[in-house]
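All remarks here apply to the structure that follows.
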Amino acid sequence: MDSRFTPRSRLADKTSYRRVFEKAERSRDNMFTVLYRPNGTDVPRLGLAISKKNCRLATGRNRLKRIVRESFRHHRTELPGLDIVVMNQPAAARANNNALFGSLDAHWRQCNQRHSEKAGKS
RNA sequence: AGAGUCGGCCAGGCAAUCGCUGUGUUUCCGUAAAGAAAUGCAGAGGAAAGUCCGGGCUCCGUCAGGCAGGGCGCCAGGUAACACCUGGAGGGUGCGAGCCCAUGGAAAGUGCCACAGAAAAUAUACCGCCCGCAUUUGUUUGCGGGUAAGGGUGAAAUGGUGCGGUAAGAGCGCACCGCGCGGGUGGUAACACUCCGCGGCACGGCAAACCCCGCCUGGAGCAAGACCAAAUAGGGGAGCAUGUGGACCGCUUGGUCCACUCCGGGCCUGAACGGGCUCCCGGGUAGGUUGCUUGAGGCAGUCGGUGACGGCUGUCCCAGAUGAAUGAUUGUCCACGACAGAACCCGGCUUAUGGCCGGCUCUUUCU
RNA sequence: CGGGGCGUAGCGCAGCCUGGUAGCGCACCACAAUGGGGUUGUGGGGGUCGGAAGUUCGAAUCUUCUCGCCCCGA
């Protein structure tokens, strides 16, 4: 199983982010808001939008980014071709690592489920 | 043992698995570039923070210099430079080790000092004290003068103590202390000493009020700056094709030259113009590349210096990301892990913060 | 990352340069006026001047440090 996380699997520029923010499905709990939109390929891509407002210290923001990347790369092969942007909620700054991983697992499952439902309909 | 004070050091370790960034080597794929794989090496801080100072670097401006504005401010040294550091001087504070100080000038000038108080700075006199004259039953009142010891006000009141002196007093005189000026001695200097002379004292505070004196200072900042440069729109140029009318040349096909200008309104006409195509040029947006890490560099030794620091020798290369890299999981050990994440780079300051070690001081107890 | 600005009553602001009394509007409370309400008039209450040090006799004001918020530069 390939669980690497390369530059190919990231949202690289402003236009990619704008594309997701313009029109996206949403999955949300008290730790993260996850936006996603099909990108027309087989590989999922991840973008991070960790706000200073919801997490004041730079070390805290770095921690959240690492957790999200770590979780993403473990589930990369299970996910369809989506552009995903993860945003943080205030509660995430105070949560421990296990809680964050649990929350992200749920988000990935929801992405997968909703996407396959849509694909089935169309 | 407790309390305090100063200085130095560390910033969880190890193992396994899965990953991230840079870079070297090898292999694969390719004309090449790019890419992929394997593997080696390296990969956040003492504050990376606040952005409060000082520099380097870059662009703009610029003869030198001066003014304005801003900054600094005991002395000497260190430094690329500083508001930093070291050593010293003088104050303040603490029993002490120590700590703190924007610490030049108020006899260059201007200004301010609320309330209270007689008076807040040229001095002056409310209650008093004293003398003289007048007055009164009565040292009661009034007038004139002397005085600044005492009272009271205030943050601050015009040297202090003692003796002499006097009507009462007063540097009025004297002694000691303090102060100022000059000289001397020690020190590079700030300053100190008081062996000496002079001055009876002439000098309230505030310069983080204006200011004066001395020294420093051009402006902006890596989102600086440099380079490459799509699409679309627009600018400039060249060429091709092309309408109408008139004139000219020509036997004809045809050719040449000129005009059809701009704004507003009306009418007529709907032939033409406005238009189309191709190429080139520079400006420049998205985007990309660069600036980007070898430096006032680290470590070790040695020499000079009280020290900050400097000289010499040897040795090492030690993050360079760009939605932004150091992590996750598990095991294990212990002190059970605080504050906290580089973004052009250095030197400081300040603030946040866990622990360890050492020197010194005070208190208590024991020997 | 760099550059600049602002914190004063519940809200919006003045006062700060030139230091001694914190003021204005809206809001709030009471009274008057009305049958009642609004409008109006009169009076009143309410402020650690973001926080901590320093200078000064005295600081919202001057100086330093610190906390929070806002704006600008791709």
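Letters A, B, ... are given to chains in the order of the sequence lines, protein chains preceding strands, and every chain is numbered from 1. Computed over heavy atoms, backbone and side chain alike; hydrogens, waters and symmetry mates excluded. Please read all numbers here as calculations on a predicted model, not as lab measurements.
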Original post:
Mind checking the C1' distance from A36(B) to G30(B)? Whole angstroms is fine.
Top reply: 12 Å
Original post:
Which string of ( ) [ ] | and . matches RNA chain C, if you list each base 5' to 3' and count Watson-Crick or G-U pairs only when both distances are under 3.5 Å?
Top reply: ((((((((.[[[[.)....(..]]]].(((((.......))))).....[[[[[..)....]]]]]))))))).
Original post:
Salt bridge or not for E25(A) and R114(A), using N-O below 4.0 Å?
Top reply: yes
Original post:
Is the distance from OP1 or OP2 of A325(B) to the nearest side-chain N or O of R69(A) less than 4.0 Å?
Top reply: yes
**OP:** Using the P atoms only, state how far C346(B) lies from C318(B), rounded to an integer number of Å.
**Re:** 16 Å
Original post:
If we call it a pair only when both distances are under 3.5 Å in a Watson-Crick or G-U wobble match, what pairs with A125(B)?
Top reply: none
Original post:
Can a side chain N or O of N62(A) be found less than 4.0 Å away from OP1 or OP2 on U326(B)?
Top reply: no
Subject >> Between C1' of G327(B) and CG of L48(A), the distance in whole Å >> reply: 14 Å
Subject >> Complement of G154(B), any strand, by Watson-Crick or G-U distances under 3.5 angstrom >> reply: none
Subject >> Opposite nucleotide pairing with C112(B), Watson-Crick or G-U, both atom distances under 3.5 Å >> reply: G205(B)
Subject >> Straight-line distance of F32(A) CZ to L48(A) CG, nearest 0.5 Å >> reply: 9.5 Å
**OP:** Quote, to the nearest angstrom, the P distance that separates C222(B) from A343(B).
**Re:** 13 Å
Subject >> Base partner of U58(B), which must satisfy Watson-Crick or wobble distances under 3.5 Å >> reply: A220(B)
**OP:** Mind checking the CG-CG spacing from N54(A) to N88(A)? Nearest 0.5 Å is all I need.
**Re:** 5.0 Å
**OP:** Decide, for C280(B), between syn and anti: a glycosidic angle within 90° of 0 counts as syn, anything else as anti.
**Re:** anti
Original post:
Reckon R61(A) touches a base, only the sugar-phosphate, or nothing at all at heavy-atom distances under 4.0 Å?
Top reply: nothing
Original post:
Paired with A247(B) by Watson-Crick or G-U wobble geometry, both distances under 3.5 Å: which nucleotide is it?
Top reply: U256(B)
Original post:
Mapping L46(A) and N98(A) onto RNA chain B by nearest heavy atom, which one lands closer to the 5' end?
Top reply: L46(A)
Original post:
With both distances kept under 3.5 Å, what pairs with G169(B), Watson-Crick or G-U wobble?
Top reply: none
Original post:
Which is true for R63(A) with a 4.0 Å heavy-atom rule: it touches a base, it touches only sugar-phosphate, or it touches nothing?
Top reply: nothing
**OP:** State the syn/anti category of A202(B) according to its glycosidic angle, syn meaning within 90° of 0.
**Re:** syn
Subject >> For C17(C), glycosidic torsion class - syn if within 90° of 0, otherwise anti >> reply: syn
Original post:
Expressed in whole Å, how much space separates the P atoms belonging to G145(B) and C112(B)?
Top reply: 34 Å
Original post:
Among all residues two or more places apart in sequence or in another chain, which pass the side-chain contact (heavy atoms from CB on, under 4.5 Å) test with R10(A)?
Top reply: F5(A)
Result block: side-chain N/O donor-acceptor pairs under 3.5 angstrom for residues 99-107 of chain A, not counting sequence neighbours:
residue: S103(A); atom: OG; partner: D29(A); partner atom: OD2; Å: 2.7
residue: D105(A); atom: OD1; partner: H75(A); partner atom: NE2; Å: 3.1
residue: H107(A); atom: ND1; partner: S27(A); partner atom: OG; Å: 2.7
residue: H107(A); atom: NE2; partner: D29(A); partner atom: OD1; Å: 3.3
residue: H107(A); atom: NE2; partner: D29(A); partner atom: OD2; Å: 3.3

Original post:
Would you call D83(A)-R45(A) a salt bridge at under 4.0 Å N-O?
Top reply: yes
Original post:
What interatomic distance, in whole Å, is found between C1' of C72(B) and the corresponding atom of A81(B)?
Top reply: 14 Å
**OP:** Name the residue closer to the 5' end of RNA chain B, choosing between A58(A) and F101(A) according to the nucleotide with the nearest heavy atom.
**Re:** F101(A)
Original post:
Paired with A3(B) by Watson-Crick or G-U wobble geometry, both distances under 3.5 Å: which nucleotide is it?
Top reply: U361(B)
Original post:
If anything within 90° of 0 is syn and all else is anti, what is A44(B)?
Top reply: syn
Subject >> Nucleotide paired to G45(B) in any strand shown, Watson-Crick or G-U, under 3.5 Å >> reply: C339(B)
Original post:
If the P atom of G35(B) is compared with that of U313(B), how far apart are they to the nearest Å?
Top reply: 45 Å
**OP:** Using a 4.0 Å heavy-atom cut-off across all strands, classify L57(A) as base, sugar-phosphate, or nothing.
**Re:** sugar-phosphate
Subject >> Whole-Å C1' distance, C143(B) and G159(B) >> reply: 37 Å
**OP:** Answer yes or no: is there a side-chain heavy-atom contact under 4.5 Å between F72(A) and P44(A)?
**Re:** yes
Subject >> Euclidean distance, atom NZ of residue K65(A) to atom C1' of A44(B) [Å, nearest integer] >> reply: 15 Å
Original post:
Under the 4.5 Å side-chain heavy-atom rule for ILVMFWY, direct or indirect, which residues accompany V20(A)?
Top reply: L11(A), Y17(A), F21(A), L35(A), V85(A), M87(A)
**OP:** Determine: side-chain N/O of T59(A) to OP1/OP2 of A340(B), distance under 4.0 Å, yes or no.
**Re:** no
Original post:
What is the distance, rounded to the nearest whole Å, between atom CD of E70(A) and atom P of U17(B)?
Top reply: 16 Å
Original post:
Which whole-number value in Å describes the distance from Y17(A) OH to A74(C) C1'?
Top reply: 16 Å
Original post:
Between atom CG in D105(A) and atom P in A328(B), what is the gap in whole Å?
Top reply: 16 Å
Subject >> Partners passing side chain to side chain donor-acceptor pair (under 3.5 Å) against N97(A) (at least two apart in sequence or in another chain) >> reply: R63(A)
**OP:** Return the value, rounded to whole Å, for the distance between atom CG of N97(A) and atom C1' of U330(B).
**Re:** 14 Å
Subject >> C130(B) and A156(B), which share atom name P, separated by this distance in whole Å >> reply: 30 Å
Original post:
Taking syn as any angle within 90 degrees of 0 and anti as the rest, which one fits G183(B)?
Top reply: anti
Subject >> Euclidean distance, atom CG of residue L11(A) to atom P of U322(B) [Å, nearest integer] >> reply: 15 Å
**OP:** Give a yes or no answer on whether the side chain of S71(A) reaches the backbone of I67(A) with a donor-acceptor pair at less than 3.5 Å.
**Re:** no
**OP:** Can you sort out the partners of K52(A) under side-chain contact (heavy atoms from CB on, under 4.5 Å), two or more places apart, ordered by chain and number?
**Re:** R61(A)
**OP:** Assess whether one donor atom and one acceptor atom, taken from the side chain of R66(A) and the base of G19(B), lie less than 3.5 Å apart.
**Re:** no
Original post:
Can you check the R10(A) CZ to U322(B) C1' distance for me, whole Å?
Top reply: 11 Å
